[in-house]
Amino acid sequence: VGGVYVRQTQKPVVTAEYRGEETEIRSLAGETRPRQAFALSWTPVEGAESYDLLVTTAELDTVADPKGLTTTQYQVPAGALADLPAAAQLHWRVTAVFPDGERKQSPTFTTALE
């Protein structure tokens with residue numbers, strides 16, 4: 001009697017390379033920064049071509065969103081902070097961009113206005 005036999009084979013597991021797994025992006029900005037010198041800085045990521053930065057208020061309103069930064073620091077323009085109250089909490093994260101288009105995102109950091 002004929003039949004159909006299904007043979008299940010185990011496929012090799014393909015894992016995506018996680019860029020910079022051994023090096024997490026860390027904030028070097030501290031917990032508070034003055035409004036007139038609100039500079040954010042972070043640790044470099046080996047092999048990154050540039051960095052994208054997103055800075056928001058606690059309500060998630062965008063304060064700054066520069067792309068293609070080639071240094072590991074950015075000073076938020078004082079004008080972008082002018083309407084924010086003292087002690088406002090700003091959330092920010094950095095995305096390292098690699099030449100092949102891969103990206104690695106930092107955790108979200110919080111820095112307050114002095």
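Because the structure is a prediction, the values reported are computed rather than measured.
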Please find the pair of heavy atoms, one from [X] and one from [Y], that lie closest to each other, and give the distance.
X      : Y      : value
Ala87  : Ala112 : O-CB, 4.2 Å
Ala64  : Pro66  : C-CD, 3.6 Å
Ala86  : Arg35  : N-NH2, 3.6 Å
Thr108 : His91  : CG2-CB, 3.8 Å
Gly47  : Pro99  : O-CD, 3.4 Å
Pro107 : Ile25  : CD-O, 3.7 Å

When rounded to the nearest 0.5 angstrom, what is the spacing between [atom1] in [X] and [atom2] in [Y]?
X      : Y      : atom1 : atom2 : result
Arg93  : Thr56  : CZ    : OG1   : 8.0 Å
Glu49  : Arg103 : CD    : CZ    : 11.0 Å
Glu102 : Thr95  : CD    : OG1   : 13.5 Å

request  = Without swapping roles, check the side chain of Asp52 against the backbone of Gly68 for a donor-acceptor pair under 3.5 Å.
outcome  =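 Yes; at least one donor-acceptor contact below 3.5 Å.
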query = Within the side chain of Ser106, is there an N or O that forms a donor-acceptor pair under 3.5 Å with the backbone of Glu24?
reply =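 Checking the backbone N and O of Glu24 against the side chain of Ser106, no donor-acceptor pair under 3.5 Å is found.
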message = Assess the residue pair Leu90 and Arg33 against the criterion (side chain to side chain contact (heavy atoms under 4.5 Å, CB included)); give the C-alpha distance rounded to whole Å, side-chain angles, the decisive distance to 0.1 Å, and a yes or no.
response = CA-CA 10 Å; Leu90 294 178; Arg33 305 294 308 155; over 6 Å; no
ask   = Hey, mind stepping through Val63 and Trp92 against side chain to side chain contact (heavy atoms under 4.5 Å, CB included) and telling me if it holds?
value = CA-CA 10 Å; Val63 174; Trp92 58 283; over 6 Å; no
Going hydrophobic residue to hydrophobic residue with side-chain gaps under 4.5 angstrom, can you get from [X] over to [Y]?
X      : Y     : value
Leu40  : Val97 : no
Leu54  : Leu69 : no
Leu84  : Leu53 : yes
Leu113 : Leu28 : no

ask   = Among all residues two or more places apart in sequence or in another chain, which pass the salt bridge (Lys or Arg N to Asp or Glu O under 4.0 Å) test with Asp65?
value =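 In terms of salt bridge (Lys or Arg N to Asp or Glu O under 4.0 Å), with neighbours along the sequence ignored, Asp65 is linked to Lys67.
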query = Counting heavy atoms not belonging to Gln75, are there more than 12 under 6.0 Å from its CD?
reply =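 More than 12 within 6.0 Å, yes.
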query = Passes ring pair (Phe, Tyr, Trp, His ring centres under 6.0 Å), Tyr51 versus Trp42? Steps please.
reply = CA-CA 10 Å; Tyr51 300 92; Trp42 54 92; 5.7 Å; yes
request  = Carefully, step by step, assess Tyr74 and Val94 under the rule side chain to side chain contact (heavy atoms under 4.5 Å, CB included).
outcome  = CA-CA 11 Å; Tyr74 177 78; Val94 178; over 6 Å; no
